[in-house]
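Within every chain, numbering begins at 1; the chains are lettered A, B, ... in the order of the sequence lines, protein sequences first and strands thereafter. Atom set for the values below is all heavy atoms of this structure, side chains included, hydrogens, waters and symmetry mates excluded.
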Amino acid sequence: MDDELKRRLLKTTRLHLAMEGEETLQRLREFSERPAAMEYFYTLFHQLANGAGPAAMAGERKIIATMCMQVPQELILAVGAHPLRLCSGANAYDQVGAEFMPAKSCPVIRATLGMLRVNQSLWGDTMAGIVVPTTCDQKKKACEELGDMGYPVYSLEMPAGKESDLARYYWQESVKQFAVDLEKMVGRRLTAAGLRQAIAKVGRAAALFRQLHGLRGNRPPIILGSDLFLVYNAYFFDDIERWSRAVEVLVAELEQRRQNGVRVTNRRAPRLLFTGSPPIFPNFKVPVLVEQSGGIIVVDESCSSTRLLSDSVAYDQASLNDMVPAVADRYLKPCTCPCLTPNQDRLRKLVAMADEFAVDGVVYQAFAGCLPYELERRQVNETLSERGIPMLYVETDYSPEDSGQLSTRVEAFIESIKARKRKQARQQS
Amino acid sequence: MNSLKDLRRVVNHASLGRFRFYVQLFSFVLLIYGGYLAINVGNQLPTFACLYSDLHGGACYLLGFQHQMATPWSQLFGGRGLAILIGLATFVAFFVVFNKAWCGFICPLGTLQDWLSSLRRKLNIRAAGYSEPVFQRLSKIKYVLLALLILIPMAIGNSFFGLPKLGHDWGVPFCMICPGRTILPLFTGDFSQLAIDFSSLAKLTLTALGLAITGLLIIGSLFKPRFFCLFCPMSALHYIFSRTGLLRLTKNGAKCTRCGNCFRACDMGIRAIADDLESKNIVKDDCMMCGKCIEVCPEDGCLQAKVLSLPVYESTAEGFFKRMNRKNNG
């Protein structure tokens with residue numbers, strides 16, 4: 001009977017997931033002037049929404065599943081495993097998670113745990129472990145939940161701050177220990193040559209990311225922010241080399257667009273910075289709403305997008321004793337996750353982005369239950385208002401229920417920016 | 001205009017490290033063997049080119065400076081005082097051109113330490129470093145040495161507080177303990193500086209200390225890059241004039257993500273390069289302006305080497321990835 005119930009739950013969840021995924025993709029397709037190179041990503045997510053398992057991405061390799069973005073990818077690639085970020089954005093999985101998680105918990109955790117609960121059979125032997133860094137409280141507790149479900153969980157200890165020498169040392173030692181344990185999990189030695197190659201692979205992806213990042217700021221805009229969220233989301237699970245090739249094609253097409261003056265929206269569309277809780281496919285509710293209402297997300301700051309590849313490893317000596325700490329540093333020192341204290345670097349980054357991309361306003365998404373982002377709202381708001389940059393704070397979750405109310409607020413925000421710009425233009429002339 | 005832009009791009013993509021290697025090699029040969037070609041660029045150089053090495057193509061200011069400091073005060077306001085000022089002016093004139101890059105690009109003793117670091121890399125030994133409090137404490141030693149190399153000679157020519165004057169065996173005390181004096185002549189086949197001088201207590205103390213420091217330098221710089229430079233009184237003397245330098249290293253704190261790549265690369269272990277977001281001029285007292293920080297910075301225009309206000313080499317994302325790519329595949 002229990003099995004029967006589980007099977008039915010799995011069936012309906014899959015059905016909901018497919019509907020949700022298709023709906024998001026459909027909305028993205030409705031925008032005009034989509035780059036042809038985006039088709040790779042649409043197909044990828046179409047397959048994912050329709051039940052393509054993680055094994056399809058990993059090929060013959062073992063999977064090291066991760067949460068958050070502080071798990072060093074370079075190490076996982078260096079031992080020949082496939083890194084796969086689990087964090088889910090599916091309302092269907094959130095519904096499953098809600099059955100056993102507190103109502104006030106964060107939808108990212110609820111959906112991720114829901115997905116792992118309902119899909120337990122999907123993973124089989126390919127998954128060598130789930131690595132969860134000790135970031136926020138909810139991720140920490142997720143370790144225990146997953147352990148109880150029977151998953152091989154590895155909790156990667158991370159300091160609560162990054163300023164002190166002590167924090168840096170603690171994290172470096174923690175990552176070194178992880179490297180040793182990873183060898184056991186995957187059953188392959190970590191070598192200097194392997195790690196150097198892995199750093200090169202991630203470095204190539206980061207170089208392409210930078211090009212893409214530069215192009216998206218173009219005036220007029222040549223690609224939608226929502227499309228880019230999809231591109232960055234694909235980095236969660238796609239083979240890194242395949243992802244890099246697809247992005248290379250996209251970069252080339254955008255370069256062409258820039259020269260030919262093709263644009264995705266009108267010149268006066270408010271240029272926005274998106275920050276806060278991560279938009280993860282299929283939950284693109286807020287970014288899509290923003291761009292449907294006539295805004296354009298020209299830059300973003302979240303752990304499911306630009307934060308993934310903004311920083312790169314630089315080592316001095318191609319030996320493990322220099323490369324492993326160098327890799328560790330990349331994941332802690334420039335990190336702007338709100339689980340860290342203090343987190344001034346996030347404010348500085350937002351200001352720098354606002355300047356560089358000449359933004360007219362900021363959209364701040366906070367998932368109900370994601371306390372760190374809710375708590376940083378005040379600091380961000382104050383920093384931005386000192387500079388006269390308006391901010392829209394949106395508290396939301398994965399359910400579609402608040403869409404109506406959200407669209408009213410988003411539209412009003414964008415209209416107010418437009419009015420402001422018109423006023424400024426009149427004053428200038 | 002466009003060609004200037006292209007030139008800048010090419011320069012920014014280049015590996016400064018390789019350029020530095022050749023400049024160091026050239027300077028080393030010039031300063032140690034210049035005498036063969038009858039080259040001598042003067043004895044007021046702001047770098048450790050050693051007068052004890054017979055064929056030197058230029059020599060360190062500190063030797064003459066210590067001699068001059070032994071001048072009795074009564075003579076300071078005559079012609080000898082003027083000579084001291086001219087010497088200092090010559091030193092500053094040399095210094096101003098390259099600023100602290102004298103240390104990173106020209107100093108033969110620095111070059112030698114860099115070669116020992118290359119050996120360390122080949123032997124696959126991990127580089128050692130200091131924790132921040134230790135670094136802060138050690139980094140003050142060079143000022144103590146600078147004060148001593150002025151005060152000890154002064155006590156030879158003058159009487160402090162009615163105490164008897166020091167003997168002439170205490171003359172040029174820093175040279176006596178400087179590893180440049182013992183090591184650099186070796187390259188011209190002169191081993192005589194390795195001797196311990198038993199002729200007086202002063203000479204015995206200083207030459208013995210000199211040999212001990214030489215040993216420390218060789219072993220130390222095999223593990224800690226630029227081991228000696230943290231204690232170098234020349235670097236302390238440089239820092240007094242560093243703000244007048246034509247060559248500058250600047251940082252734009254707004255572009256810094258504090259990723260720490262620069263700090264990791266820094267042979268001197270200067271934390272401020274990563275953590276200081278306020279200073280525009282980022283040349284700290286221990287900086288040797290080697291430019292390794294610029295090479296590993298992935299943020300466009302965050303770190304810049306400038307001549308006056310003209311950027312000659314700056315950090316760019318494109319350059320960073322080009323260099324890392326060469327490193328990853330080379």
Side-chain angles (χ1 to χ4, degrees), chain A residues 74 162-166 168-169 172 192-193 195-211 213-214 307 309-336 344-346 348-349 351-356, chain B residues 17 117-136 225 252-267 269 271 274-275 277 292-302 315-330:
Chain A
E74 288 86 348
K162 59 174 190 173
E163 310 281 316
S164 66
D165 266 10
L166 207 60
R168 184 165 174 257
Y169 179 73
Q172 285 185 356
L195 184 52
R196 200 162 79 150
Q197 251 171 35
I199 291 174
K201 275 183 201 168
V202 180
R204 174 159 180 252
L208 285 162
F209 161 80
R210 289 265 180 163
Q211 289 180 26
H213 192 63
R307 222 183 279 164
L309 281 165
S310 288
D311 307 291
S312 299
V313 177
Y315 56 87
D316 195 36
Q317 195 176 341
S319 64
L320 286 180
N321 59 37
D322 189 44
M323 286 194 287
V324 174
V327 166
D329 272 2
R330 181 207 148 186
Y331 289 91
L332 180 72
K333 293 305 283 177
C335 184
T336 50
Q344 291 296 317
D345 282 352
R346 178 161 175 242
R348 290 182 42 244
K349 193 183 246 177
V351 168
M353 280 177 162
D355 285 348
E356 188 186 343
Chain B
S117 286
S118 306
L119 180 66
R120 184 205 75 232
R121 278 194 201 101
K122 293 223 164 65
L123 296 175
N124 215 353
I125 300 171
R126 184 204 326 209
Y130 302 116
S131 71
E132 183 62 7
V134 174
F135 176 86
Q136 290 298 346
N252 181 349
K255 292 187 173 175
C256 176
T257 63
R258 299 210 298 167
C259 71
N261 281 357
C262 48
F263 166 59
R264 290 191 61 75
C266 181
D267 282 341
R271 227 155 284 238
D275 287 349
L277 300 169
K292 278 175 97 174
C293 49
I294 308 177
E295 282 191 288
V296 296
C297 176
E299 305 303 323
D300 289 331
C302 182
S315 58
T316 61
E318 233 186 327
F320 169 85
F321 287 115
K322 280 248 154 64
R323 281 185 291 273
M324 276 319 285
N325 196 28
R326 279 200 291 266
K327 194 162 196 170
N328 287 326
N329 299 312

Inter-residue atom distance A:R210.CZ - B:D300.CG, 0.5 Å rounding: 7.0 Å

Other residues, nucleotides, ligands: >12 heavy atoms within 6.0 Å of B:Y130 OH: yes

B:L119, CG: over 12 other non-hydrogen atoms inside 6.0 angstrom: yes

B:R271 portion near chain A, given a 4.5 angstrom heavy-atom threshold: side chain

Top of B:E318, B:R126, B:R258, B:E299 for chain A proximity - count of heavy-atom pairs under 4.5 angstrom: B:R258

Partner chain A: residue of B:T257, B:V296, B:N325 with the largest heavy-atom pair count (under 4.5 Å): B:T257

B:F263 CZ to A:R168 CZ distance, which is reported to the nearest 0.5 Å: 5.0 Å

Distance, nearest 0.5 Å, that separates SG of B:C259 from CG of A:D345: 10.5 Å

Flag, side chain of B:K327 to backbone of A:Q317, donor-acceptor distance under 3.5 Å: no

Chain A contact via B:N124 - side chain, backbone, both or neither, heavy atoms under 4.5 Å: both

Contacting moiety of A:D311, where chain B heavy atoms sit under 4.5 Å: side chain

Heavy-atom side-chain proximity of B:F321 to A:L208 below 4.5 angstrom: no

Test log, rule side-chain contact (heavy atoms from CB on, under 4.5 Å), inputs A:D322 and B:R121: CA-CA 10 Å; A:D322 189 44; B:R121 278 194 201 101; over 6 Å; no

A:E163 atom CD, over 12 foreign heavy atoms within 6.0 Å: yes

B:K292 portion near chain A, given a 4.5 angstrom heavy-atom threshold: side chain

Among the listed options A:A200, A:P325, A:A207, the residue most often paired with chain B at heavy-atom distances under 4.5 Å: A:A207

Portion of B:A254 that has a non-hydrogen atom of chain A nearer than 4.5 angstrom: backbone

Chain B contacts, top residue of A:C335, A:A352, A:S312 (heavy-atom pairs, under 4.5 Å): A:S312

Most contacts with chain B, counted as non-hydrogen pairs under 4.5 angstrom, among A:G203, A:A326, A:A318, A:S319: A:A326

Test log, rule side-chain contact (heavy atoms from CB on, under 4.5 Å), inputs B:R264 and A:R330: CA-CA 11 Å; B:R264 290 191 61 75; A:R330 181 207 148 186; over 6 Å; no

Heavy-atom contact with chain B under 4.5 Å, split by part of A:Y315: both

Side chain, backbone, both or neither of B:C297 within contact of chain A (heavy atoms, under 4.5 Å): neither

Side chain / backbone / both / neither for A:V313 at chain B, heavy atoms under 4.5 Å: backbone

Point-to-point distance, once rounded to the nearest 0.5 Å, from CZ of A:R348 to CG of B:L277: 4.5 Å

Spacing of CG belonging to B:N261 relative to NZ belonging to A:K333, to within rounding of 0.5 Å: 11.5 Å

